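Predicted model, so just to flag it, every value in this text is computed and none were measured. The analysis underlying the following values was restricted to heavy atoms, covering all of them including side chains, and did not include hydrogens, waters or symmetry mates. Naming convention: chains lettered A, B, ... in sequence-line order (proteins, then strands); numbering from 1 in each chain.
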Amino acid sequence: AQTVTQSQPEMSVQEAETVTLSCTYDTSESDYYLFWYKQPPSRQMILVIRQEAYKQQNATENRFSVNFQKAAKSFSLKISDSQLGDAAMYFCAYRTGGAGSYQLTFGKGTKLSVIP
Amino acid sequence: DTGVSQDPRHKITKRGQNVTFRCDPISEHNRLYWYRQTLGQGPEFLTYFQNEAQLEKSRLLSDRFSAERPKGSFSTLEIQRTEQGDSAMYLCASSLGGTTGNTIYFGEGSWLTVV
(Lines give C-alpha, C1' and ligand atoms only; values in the text may rest on other atoms or scores of the structure.)
Protein backbone atom coordinates (compact mmCIF):
# COMPACT_ATOMS: atom_id res chain seq x y z
CA ALA A 1 0.00 0.00 0.00
CA GLN A 2 1.10 3.50 -0.71
CA THR A 3 1.92 5.85 2.14
CA VAL A 4 2.39 9.60 2.22
CA THR A 5 4.41 11.31 4.94
CA GLN A 6 4.42 14.98 5.81
CA SER A 7 7.05 15.47 8.49
CA GLN A 8 6.23 19.09 9.35
CA PRO A 9 3.01 19.35 11.38
CA GLU A 10 3.29 23.16 11.45
CA MET A 11 5.20 25.79 9.54
CA SER A 12 5.21 29.57 9.57
CA VAL A 13 6.38 32.15 7.07
CA GLN A 14 6.59 35.92 6.97
CA GLU A 15 4.33 37.60 4.46
CA ALA A 16 6.11 38.01 1.09
CA GLU A 17 8.71 35.38 1.97
CA THR A 18 9.15 31.88 0.57
CA VAL A 19 8.35 28.63 2.34
CA THR A 20 8.81 24.98 1.39
CA LEU A 21 6.57 22.19 2.63
CA SER A 22 7.95 18.65 2.56
CA CYS A 23 6.33 15.43 1.44
CA THR A 24 7.69 11.95 0.92
CA TYR A 25 5.83 8.92 -0.33
CA ASP A 26 6.34 5.23 -0.64
CA THR A 27 5.24 3.25 -3.67
CA SER A 28 6.38 0.44 -5.92
CA GLU A 29 4.50 1.84 -8.90
CA SER A 30 6.05 3.80 -11.73
CA ASP A 31 2.87 5.48 -12.98
CA TYR A 32 1.15 7.77 -10.51
CA TYR A 33 0.05 11.30 -9.76
CA LEU A 34 0.95 13.58 -6.86
CA PHE A 35 -1.09 16.48 -5.60
CA TRP A 36 -0.97 19.29 -3.11
CA TYR A 37 -4.32 20.33 -1.68
CA LYS A 38 -5.06 23.39 0.46
CA GLN A 39 -7.75 23.34 3.15
CA PRO A 40 -8.45 26.74 4.73
CA PRO A 41 -10.21 26.75 8.12
CA SER A 42 -13.85 25.69 7.71
CA ARG A 43 -13.51 25.81 3.95
CA GLN A 44 -13.41 23.21 1.27
CA MET A 45 -10.26 21.53 0.09
CA ILE A 46 -8.95 22.87 -3.20
CA LEU A 47 -6.27 21.61 -5.54
CA VAL A 48 -3.10 23.70 -5.53
CA ILE A 49 -0.91 21.80 -7.95
CA ARG A 50 -0.56 18.42 -9.65
CA GLN A 51 2.42 16.44 -10.91
CA GLU A 52 2.42 13.45 -13.23
CA ALA A 53 5.17 10.99 -12.33
CA TYR A 54 6.16 10.46 -15.95
CA LYS A 55 6.93 14.14 -16.39
CA GLN A 56 10.43 15.18 -15.42
CA GLN A 57 9.58 18.88 -15.46
CA ASN A 58 8.42 20.25 -12.14
CA ALA A 59 4.88 21.63 -12.14
CA THR A 60 4.32 25.35 -11.54
CA GLU A 61 1.14 27.31 -10.86
CA ASN A 62 1.78 31.01 -10.38
CA ARG A 63 3.42 31.38 -6.93
CA PHE A 64 3.31 27.63 -6.28
CA SER A 65 5.89 25.19 -7.57
CA VAL A 66 7.02 21.70 -6.72
CA ASN A 67 10.35 19.94 -6.48
CA PHE A 68 9.64 16.41 -7.65
CA GLN A 69 12.45 13.95 -7.00
CA LYS A 70 11.17 10.62 -8.28
CA ALA A 71 14.13 8.51 -7.23
CA ALA A 72 14.05 9.94 -3.74
CA LYS A 73 10.21 9.74 -3.67
CA SER A 74 10.05 13.35 -2.57
CA PHE A 75 7.49 15.97 -3.57
CA SER A 76 7.93 19.34 -1.87
CA LEU A 77 5.79 22.44 -2.38
CA LYS A 78 7.34 25.89 -2.59
CA ILE A 79 5.19 28.93 -2.01
CA SER A 80 6.77 32.18 -3.14
CA ASP A 81 5.73 35.69 -2.09
CA SER A 82 3.54 34.26 0.67
CA GLN A 83 0.21 35.99 1.23
CA LEU A 84 -2.12 36.04 4.23
CA GLY A 85 -4.62 34.00 2.23
CA ASP A 86 -2.11 31.16 1.96
CA ALA A 87 -2.65 30.31 5.62
CA ALA A 88 -4.26 26.86 5.66
CA MET A 89 -3.67 23.15 6.08
CA TYR A 90 -1.75 21.72 3.16
CA PHE A 91 -2.10 18.08 2.26
CA CYS A 92 0.11 16.05 -0.01
CA ALA A 93 -1.70 13.24 -1.82
CA TYR A 94 -0.90 10.27 -4.04
CA ARG A 95 -2.98 8.53 -6.64
CA THR A 96 -2.12 5.52 -8.76
CA GLY A 97 -1.97 6.01 -12.51
CA GLY A 98 -3.07 2.49 -13.21
CA ALA A 99 -6.55 1.07 -13.40
CA GLY A 100 -8.29 -0.46 -10.43
CA SER A 101 -8.07 2.19 -7.75
CA TYR A 102 -9.19 5.75 -7.83
CA GLN A 103 -8.56 6.66 -4.24
CA LEU A 104 -6.34 9.48 -3.08
CA THR A 105 -3.95 8.67 -0.24
CA PHE A 106 -3.28 11.76 1.89
CA GLY A 107 -0.58 12.72 4.31
CA LYS A 108 -1.47 14.10 7.73
CA GLY A 109 -1.03 17.66 6.60
CA THR A 110 1.06 20.71 7.42
CA LYS A 111 -0.53 23.74 9.04
CA LEU A 112 0.90 26.88 7.46
CA SER A 113 0.69 30.19 9.28
CA VAL A 114 1.50 33.46 7.52
CA ILE A 115 2.84 36.21 9.73
CA PRO A 116 1.99 39.78 8.68
CA ASP B 1 -20.73 25.57 -11.82
CA THR B 2 -22.06 25.34 -8.29
CA GLY B 3 -19.39 22.96 -7.07
CA VAL B 4 -19.88 19.90 -4.89
CA SER B 5 -22.56 20.51 -2.29
CA GLN B 6 -23.17 18.53 0.87
CA ASP B 7 -26.06 18.48 3.30
CA PRO B 8 -26.32 18.84 6.23
CA ARG B 9 -23.16 20.75 7.00
CA HIS B 10 -23.35 19.86 10.67
CA LYS B 11 -25.13 17.05 12.49
CA ILE B 12 -25.19 16.22 16.17
CA THR B 13 -26.72 12.87 17.00
CA LYS B 14 -27.01 10.56 19.94
CA ARG B 15 -25.09 7.31 19.96
CA GLY B 16 -27.12 4.54 18.40
CA GLN B 17 -29.08 6.78 16.04
CA ASN B 18 -28.88 6.60 12.26
CA VAL B 19 -27.69 9.54 10.18
CA THR B 20 -27.70 10.20 6.45
CA PHE B 21 -25.61 12.65 4.47
CA ARG B 22 -26.33 13.80 0.95
CA CYS B 23 -23.87 14.86 -1.74
CA ASP B 24 -24.61 16.58 -5.03
CA PRO B 25 -21.57 16.42 -7.31
CA ILE B 26 -20.67 18.80 -10.10
CA SER B 27 -23.26 18.07 -12.74
CA GLU B 28 -21.11 16.59 -15.51
CA HIS B 29 -18.94 14.50 -13.19
CA ASN B 30 -19.56 10.76 -13.37
CA ARG B 31 -17.17 9.86 -10.55
CA LEU B 32 -18.08 10.43 -6.92
CA TYR B 33 -16.04 9.76 -3.79
CA TRP B 34 -16.60 9.74 -0.05
CA TYR B 35 -13.79 10.44 2.42
CA ARG B 36 -13.66 10.74 6.19
CA GLN B 37 -11.46 13.24 7.98
CA THR B 38 -10.83 13.33 11.73
CA LEU B 39 -9.16 16.20 13.57
CA GLY B 40 -5.46 16.44 12.87
CA GLN B 41 -5.54 13.86 10.11
CA GLY B 42 -5.72 13.85 6.35
CA PRO B 43 -8.83 12.56 4.62
CA GLU B 44 -9.22 8.79 4.39
CA PHE B 45 -10.89 7.14 1.44
CA LEU B 46 -14.21 5.40 2.09
CA THR B 47 -15.78 4.57 -1.26
CA TYR B 48 -16.02 5.47 -4.93
CA PHE B 49 -18.78 5.43 -7.56
CA GLN B 50 -18.61 5.56 -11.29
CA ASN B 51 -22.08 6.59 -12.36
CA GLU B 52 -24.39 4.45 -10.21
CA ALA B 53 -21.92 1.60 -9.68
CA GLN B 54 -20.00 1.40 -6.42
CA LEU B 55 -16.62 0.20 -7.65
CA GLU B 56 -14.37 0.51 -4.65
CA LYS B 57 -14.84 0.30 -0.90
CA SER B 58 -12.32 0.82 1.87
CA ARG B 59 -11.98 -1.50 4.83
CA LEU B 60 -12.96 1.59 6.86
CA LEU B 61 -16.47 1.21 5.48
CA SER B 62 -17.89 -1.15 8.07
CA ASP B 63 -21.24 -2.86 7.64
CA ARG B 64 -22.87 0.03 9.54
CA PHE B 65 -22.03 2.30 6.63
CA SER B 66 -23.85 2.22 3.34
CA ALA B 67 -23.47 4.50 0.35
CA GLU B 68 -25.71 4.75 -2.67
CA ARG B 69 -25.86 6.69 -5.90
CA PRO B 70 -29.14 5.47 -7.35
CA LYS B 71 -29.33 7.43 -10.58
CA GLY B 72 -25.72 8.28 -11.05
CA SER B 73 -26.25 11.82 -9.82
CA PHE B 74 -26.51 12.60 -6.10
CA SER B 75 -25.23 10.19 -3.46
CA THR B 76 -26.15 9.38 0.12
CA LEU B 77 -23.98 8.03 2.92
CA GLU B 78 -25.87 6.42 5.79
CA ILE B 79 -24.37 5.47 9.11
CA GLN B 80 -26.47 3.13 11.21
CA ARG B 81 -26.19 2.74 14.98
CA THR B 82 -23.70 5.57 15.27
CA GLU B 83 -20.78 5.29 17.66
CA GLN B 84 -18.64 8.03 19.17
CA GLY B 85 -15.77 6.93 16.93
CA ASP B 86 -17.85 7.93 13.92
CA SER B 87 -17.44 11.60 14.87
CA ALA B 88 -15.61 13.13 11.93
CA MET B 89 -16.05 15.25 8.86
CA TYR B 90 -17.42 13.34 5.89
CA LEU B 91 -16.18 14.74 2.63
CA CYS B 92 -17.72 14.16 -0.76
CA ALA B 93 -15.81 14.76 -3.96
CA SER B 94 -16.36 14.34 -7.68
CA SER B 95 -14.40 14.22 -10.91
CA LEU B 96 -14.74 13.60 -14.59
CA GLY B 97 -14.08 10.17 -16.04
CA GLY B 98 -10.97 9.38 -18.04
CA THR B 99 -7.55 9.23 -16.46
CA THR B 100 -7.00 8.92 -12.74
CA GLY B 101 -5.14 12.21 -12.92
CA ASN B 102 -8.29 14.21 -13.42
CA THR B 103 -8.80 16.84 -10.76
CA ILE B 104 -10.96 15.78 -7.83
CA TYR B 105 -13.18 18.57 -6.49
CA PHE B 106 -14.22 18.43 -2.86
CA GLY B 107 -17.29 19.69 -1.09
CA GLU B 108 -17.17 21.58 2.20
CA GLY B 109 -17.90 18.46 4.18
CA SER B 110 -20.51 17.32 6.67
CA TRP B 111 -19.44 17.43 10.28
CA LEU B 112 -20.81 14.63 12.45
CA THR B 113 -20.70 14.72 16.22
CA VAL B 114 -21.93 11.65 18.08
CA VAL B 115 -22.73 12.30 21.74
Go through B:Thr103 and A:Arg50 one step at a time and tell me if the side-chain hydrogen bond (donor to acceptor under 3.5 Å, both in side chains) criterion holds. CA-CA 8 Å; B:Thr103 298; A:Arg50 173 177 61 200; 3.2 Å; yes
Is the shortest distance from a Lys or Arg side-chain nitrogen in B:Asp24 or B:Arg22 to a carboxylate oxygen in the other one below 4.0 Å? yes
Can a salt bridge be assigned to the pair A:Arg63 and A:Asp86 using a cut-off of 4.0 Å between side-chain N and carboxylate O? yes
Side-chain donor-acceptor contact under 3.5 Å, A:Tyr94 with A:Glu29: yes
The interface call for A:Tyr37 against chain B, heavy-atom contacts under 4.5 Å, is side chain
Honestly, the part of A:Leu104 sitting under 4.5 Å from a heavy atom of chain B is both
Flag the pair B:Glu78 and B:Arg64 as a salt bridge only when some basic side-chain nitrogen lies within less than 4.0 angstrom of an acidic carboxylate oxygen. no
If one checks every heavy atom of A:Gln39 against chain B at 4.5 Å, the contacting part turns out to be side chain
Contact class of B:Leu46 relative to chain A, heavy atoms under 4.5 angstrom: neither
Given a strict heavy-atom distance threshold of 4.5 Å, which part of A:Gln103 is in contact with chain B: side chain, backbone, both, or neither? both
Report which part of B:Gln37 has an atom under 4.5 Å of a heavy atom belonging to chain A: side chain, backbone, both, or neither. side chain
